[in-house]
Amino acid sequence: MNHFENLKPQNVFRYFGEISRIPRGSYHTKQTSRYLVSFAADHGLTCYQDGHDNVIIIKEASKGYEQAEPVIIQGHMDMVCEKEADCKIDFESDGLDLYVEGDFLKARGTTLGADDGIAVAYALAILDDDTLMHPKLEVVITSDEEVGLLGAKAADLSMLQGHILLNIDSDIEGHFLTSCAGGLTAKTDIPATYRMKEGVGIALTLHGLLGGHSGSEIDKERANAVIEMGRILRFLKKRMEIGIAAFSGGLKDNAIPREAECLLVIAKGQMQVFDSYIAEITEILKKEYAVSDPGLCVSVLIKEQKQYAVLDAASMQNVLFYLGNVPNGVMRRSTNIKGLVETSLNAGISKLDEDAFRVTSSVRSSIGSRKAELADRLALLAEYLGGTIRIEGDYPAWEYCADSKLRAKVAGVYSDMFGKEPVFEAIHAGLECGIFCDKIKGLDAVSFGPDNFDIHTPKERLSISSTERVYRFLTELLRSMR
C-alpha cells in the first residue's frame, strides 16, 4: 500500500491496506482477529476476543466527553471471496492485489472486501488518532457476517455500556439505513444416482453475467447462472437425448451466481443438431437479458468420446424439476415502502456430487412469517423429490424505530456539513443491527458508509473521495455527541 500514501484519509487507507494483506474470507478470520488484538495491545486499549474471532476494543472518552453516552462503532471483518476464472489468488493464503483507478480503489481479479473492510479501517483510524474528540468508544468487529451473521449471534456484548450504534456496513453515501430484512440459509440435497453412457463429452459454460449482492442487487432482475443453466438443460432435453455428468455454479449463497458449468454427454452424430439448439437458446437468453446482463455468453468445449457416469433418468428428471421450480429472485415487494423488496430467494451455490445434487440458497424477508413460509416452500419441494433440507444462520430483521434521537442527530450533522438532507431508508440486505438490538434493549442504531459499487463481485470498487467525506462525517458526528 506504499504507493497509496497520498490517498486521504491516509490512516484509513493504510489500515485498509494492512487488513487486505491478511486472508479474511468467511470462516477464515482468525488471522484478522489476532491482528486486531495486537493493534489494541500496541495502543494500550482494552480488548476482548472470543472463540468466534469477534473482537471488541474500548477507548475511553476524550476530555470533556466523560459524561456523554458511549458510542458503539460496528462492522464485520470477513469478506465475500469471489474471483475471476483466471485469477490465481488463493483466498485462504494470499492477500489482495489492490490498485487505484481514477477515484476508485479496486482489487485485481477479486472482490475488494470494502464490504466490510472499510468499517474496520475507519474504526482503527479513529482509535489510532488521539486528536479526535469523542465519547467513550466501544468498537465491535464481528466475524462471519457474510454467512449468516454468525459472529454477531455468538458475541457476548454484556460488557458494552453504549446504547448508540453506528453500523458501518452500507454502500451509498448520504443514505442512512434504519431497518433491514432478516434472513436464513437453506441447504437442499436432492438424491442422485448414476448410470454409464457412451458418448461425446461437452463442457457447457454459462458466463459473462454480472451477478451481485443477493440483497442489494436482487431487484435488478439479473440472470442467475444456476437457474438459467437449468433452463438450458431442460431446453436441450426436450429436443434431444442428453446425459448430465457434472453440474456446478455459484460460489456464495448471498452472491447471485455469475457462472455455471455442466458436463453433458451426447451421441457423436448429434453434434450438429446440438450446436443449433445451443445457438437458439443462447439467442433467447441474450435477448431476455440484453439490459441486465449484456455480457451473457454460452461456451462449448468438446471433450473425448468414452463411457461417462451420468445421472439416471429419474435423477436427471428430479434435478431439472428442482431447477425449474425452485423459487428464485424477488418473491414479494413491500406494500408499506415503495420500491422495497420484502421477500426474496437466491439459489447461490449448486454442486452435483456422487450421491446428491446440493443447492445452498439465501432467503431474505423483512417479515418473519414470510421468511418462514418461503423456507417451508423449499422444504416441500425437497420432500417431494425425496430430498432433505437444513436451515442455518437464521437471523432477525432490524425493525424501524419511530422515535430515534440518533437519526435526528445524524440529520443535523449531515445537513450542516454538506448542505443537503440525508436519505433515511430501509434495505433488503441483511445487517447485524437486528441482532444487536435484540441483545441490547433500547439500542438506537443507524447504518451508513461510503460509495462502494458491485459488492460481492470482482468488479467491486470503492470511491476514494466518498471514503474521505464519510470519514469526516463520522468524526464530526462523534465530536457533536458531547
Side-chain angles (χ1 to χ4, degrees), residues 1-5 7 12-36 53 75-121 124 141 143-147 150-151 169 171 203 205-214 217 225-226 248-261 295 297 299 348-351 360 452-464 467:
M1 285 293 290
N2 290 339
H3 56 294
F4 298 151
E5 61 186 9
L7 300 184
V12 172
F13 285 105
R14 177 168 69 87
Y15 282 118
F16 188 83
E18 289 189 8
I19 64 172
S20 295
R21 287 197 289 267
I22 306 171
R24 55 185 177 89
S26 301
Y27 301 122
H28 300 280
T29 54
K30 193 164 296 297
Q31 290 185 63
T32 305
S33 182
R34 290 171 178 165
Y35 168 87
L36 295 173
D53 294 338
H76 61 89
M77 67 183 76
D78 64 315
M79 63 176 282
V80 169
C81 295
E82 285 262 4
K83 63 181 181 179
E84 302 288 0
D86 59 350
C87 180
K88 304 302 183 184
I89 283 180
D90 182 343
F91 283 116
E92 294 187 21
S93 59
D94 300 332
L96 304 178
D97 184 6
L98 306 185
Y99 69 101
V100 172
E101 184 175 276
D103 184 46
F104 294 110
L105 182 62
K106 301 180 178 181
R108 287 186 177 86
T110 69
T111 40
L112 173 64
D115 175 17
D116 192 26
I118 195 60
V120 180
L124 296 182
I141 307 298
S143 64
D144 298 335
E145 188 268 356
E146 299 288 6
V147 287
L150 302 183
D169 195 12
D171 55 11
T205 305
L206 173 61
H207 57 104
L209 307 182
L210 289 178
H213 191 293
S214 68
E217 266 89 42
V226 170
S248 64
L251 298 173
K252 303 293 179 182
D253 67 286
N254 57 0
I256 301 169
R258 297 178 293 112
E259 295 187 5
E261 300 175 344
C297 185
S299 297
I349 311 171
S350 67
K351 183 71 164 56
T360 303
N452 190 30
F453 303 96
D454 291 323
I455 56 178
H456 293 192
T457 81
K459 296 182 182 296
E460 182 182 3
R461 58 200 185 279
L462 175 70
S463 168
I464 296 167
T467 298

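Keep in mind that this is a model prediction, so the values were computed, not measured.
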Inset, instruction - Please report the closest heavy-atom contact between L150 and V147, naming both atoms and the distance. - result: CG-O, 3.6 Å
Legend entry - Test item: L105 and F16 side chains (from C-beta on) under 4.5 Å apart, heavy atoms: yes
Inset, instruction - Would you confirm whether E460, through its side chain, and L112, through its main-chain N or O, come within 3.5 Å as a donor-acceptor pair? - result: yes
Inset, instruction - Any chance you could lay out the side chain to side chain contact (heavy atoms under 4.5 Å, CB included) test for F91 and H28, step after step, and finish with the verdict? - result: CA-CA 9 Å; F91 283 116; H28 300 280; over 6 Å; no
Inset, instruction - Using salt bridge (Lys or Arg N to Asp or Glu O under 4.0 Å) as the criterion, point out the one residue from K459, R258, K252 that pairs with E82. - result: R258
Legend entry - For G25 against C81, the heavy-atom pair lying closest together: CA-SG, 3.4 Å
Inset, instruction - Would you check if the side chain of S33 reaches a backbone N or O of T29 as a donor-acceptor pair within less than 3.5 Å? - result: no
Legend entry - Shortest non-hydrogen separation from Q31 to I22 and the atoms involved: CB-CG2, 3.5 Å
Inset, instruction - Indicate the atoms forming the closest heavy-atom contact of P257 with G250, along with that distance. - result: CB-CA, 3.8 Å
Inset, instruction - Please check if the side chain of T457 supplies one atom and the backbone of G212 the other of a donor-acceptor pair under 3.5 Å. - result: no
Inset, instruction - Would you check if the side chain of D116 reaches a backbone N or O of H76 as a donor-acceptor pair within less than 3.5 Å? - result: yes
Legend entry - Separation of D454 CG from T111 OG1 (nearest 0.5 Å): 12.0 Å
Legend entry - Rounded distance (nearest 0.5 Å) linking atom CD of E92 with atom CZ of R24: 15.0 Å
Inset, instruction - Please check if any side-chain donor atom of S143 sits under 3.5 Å from a side-chain acceptor atom of D53, or the reverse. - result: no
Inset, instruction - Identify the two heavy atoms, one from L98 and one from A107, that lie closest to each other, and give their separation to 0.1 Å. - result: CD2-CB, 4.0 Å
Legend entry - Interatomic distance, I349 atom CD1 to T360 atom OG1 [nearest 0.5 angstrom]: 4.5 Å
Inset, instruction - Return the minimal non-hydrogen interatomic distance between T110 and C87, and the atom names on each side. - result: CG2-SG, 3.6 Å
Inset, instruction - Apply side chain to side chain contact (heavy atoms under 4.5 Å, CB included) to L36 and V120, showing your working. - result: CA-CA 9 Å; L36 295 173; V120 180; 4.0 Å; yes
Inset, instruction - Please confirm whether the backbone N or O of I89 pairs with a side-chain atom of K83, one donor and one acceptor, at under 3.5 Å? - result: yes
Inset, instruction - Show the numbers, then the answer: is there a side chain to side chain contact (heavy atoms under 4.5 Å, CB included) between L96 and M79? - result: CA-CA 12 Å; L96 304 178; M79 63 176 282; 4.1 Å; yes
Inset, instruction - Check the pair V80, D115 against side chain to side chain contact (heavy atoms under 4.5 Å, CB included), reporting the backbone distance first and the verdict last. - result: CA-CA 8 Å; V80 169; D115 175 17; 5.6 Å; no
Legend entry - D144 side-chain N/O to G151 backbone N/O, donor-acceptor pair under 3.5 Å: no
Legend entry - Gap between atom NZ of K88 and atom CG of D97 - 0.5 Å precision: 14.5 Å
Legend entry - Separation between CG of D169 and CD1 of I118, rounded to the nearest 0.5 Å: 11.5 Å
Inset, instruction - Kindly say whether N254 contributes a backbone atom to a donor-acceptor pair with the side chain of H456 at under 3.5 angstrom? - result: yes
Legend entry - Close side-chain approach of L7 and V12, heavy atoms under 4.5 Å: no
Inset, instruction - Drop me the distance from H207's NE2 to E261's CD, to the nearest 0.5 angstrom. - result: 9.5 Å
